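Whatever order the structure lists them in is the order used to number ligands and atoms, beginning at 1. Predicted model, so just to flag it, every value in this text is computed and none were measured.
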Amino acid sequence: MNSTEVDSSKGPQQRGSCVGSNVFCLTGVCFGFLCLLQISLNITMHLYYMKQQHQEQKQLLINYTDMAAETHELLGNYTDLLEERDQLHTNITDITEDRDLCLDRYRSLAADKAQLVTRYKNLAAQRSNLYRNLQLGGWIQFQSSFYFFSTTKLSWHDSRTACRQRGADLVMVTSRAEQDFLSRHLQRSWMGLSDIDTEGVWKWVDGTQLTYGYWRTATGEPNDYSGEEDCAEYEDFVWNDMPCPTPREWTCELTV
Ligand SMILES: [Ca+2]
Ligand SMILES: [Ca+2]
């Protein structure tokens with residue numbers, strides 16, 4: 001008997017188990033391969049997941065660091081803002097106090113203004129009454145003064161007394177315009193000018209010293225004739241010194 005026969009003698013059952021064993025083996029190999037593949041896949045996925053997680057953690061750490069820095073900066077800004085707010089509150093308080101002071105000052109000035117307006121109106125009314133009374137009393141206005149021309153004759157001192165009793169004084173001629181104005185109303189009259197205190201030093205009745213006069217130069221006035229001429233008179237458009245007791249008309253000046 002040959003081997004072929006022997007193998008053939010094992011029958012179809014033995015051949016079938018061999019084939020089934022191979023399928024089983026192949027299935028096992030495949031299963032094992034799949035298991036290895038699954039394990040490899042799991043490991044790869046795990047590694048990939050770990051890497052992703054590590055990157056995410058790294059990114060989170062970076063974000064956290066950035067956020068911490070931003071938080072620190074925000075805290076710094078917040079502190080600065082608090083200081084600015086406090087400073088603004090202080091400024092507002094100061095401005096409010098200044099405003100209140102200004103308002104008080106404004107109200108005080110407004111009250112003063114109202115009083116001044118009232119006083120101005122009263123003074124204007126008084127001035128109008130004074131002007132009217134002066135004009136009624138024969139006074140003539142020229143620029144900022146009123147003038148009274150007497151019709152009686154008195155000594156220089158009595159003339160001055162008469163002017164003072166009217167609230168004025170003897171006229172002081174202090175400008176060419178005033179000299180020309182008097183020329184239209186006077187021929188001869190006492191003026192408020194004398195050298196009574198010091199010979200040769202001519203002073204007006206308000207104490208100021210004469211700086212320029214319209215003296216009669218033809219006769220060398222003021223000439224202090226006979227050593228007795230200490231009072232000045234207005235005579236035909238020019239001035240002359242005369243003895244003070246001499247009766248003369250007189251002219252008063254009232255500055256308003
Ligand atoms: Ca004299
Ligand atoms: Ca004279």
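- With hydrogens and angles ignored, the 3.5 Å screen pairs a side-chain donor or acceptor of Gln179 with a backbone N or O of Phe237.
- Counting only N and O atoms by type, the side chains of Asn122 and Arg119 include no donor and acceptor under 3.5 Å apart.
- Protein N/O/S atoms found under 3.0 Å from the Ca ion (ligand 2), listed by chain and residue number: Glu221 OE1, Asn223 OD1, Glu229 OE1, Asn240 OD1, Asp241 O, Asp241 OD1.
- No other N/O/S atom of Asp230 lies as close to the Ca ion (ligand 1) as OD1 does.
- In the displayed structure, Gln187 atom CD is contacted under 6.0 Å by at most 12 heavy atoms of other residues, nucleotides or ligands.
- Under the 3.5 Å distance criterion, with hydrogens and angles disregarded, a donor-acceptor pair is assigned to the side chains of Glu178 and Thr174.
- Using a 30° and 60° split on the angle between ring planes, Trp239 and Trp215 fall in the perpendicular class, above 60°.
- Within Asp195, the N, O or S atom at minimum distance from the Ca ion (ligand 1) carries the name OD2.
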Side chains of residues 28-41: which donor-acceptor partners sit under 3.5 Å, not counting sequence neighbours?
from	atom 1	to	atom 2	distance (Å)
Gln38	NE2	Asn42	OD1	2.8
Ser40	OG	Leu36	O	2.8

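- For the pairing with Tyr147, the ring pair (Phe, Tyr, Trp, His ring centres under 6.0 Å) check across Tyr234, Phe181, Trp250, Trp139 returns one residue only, Phe181.
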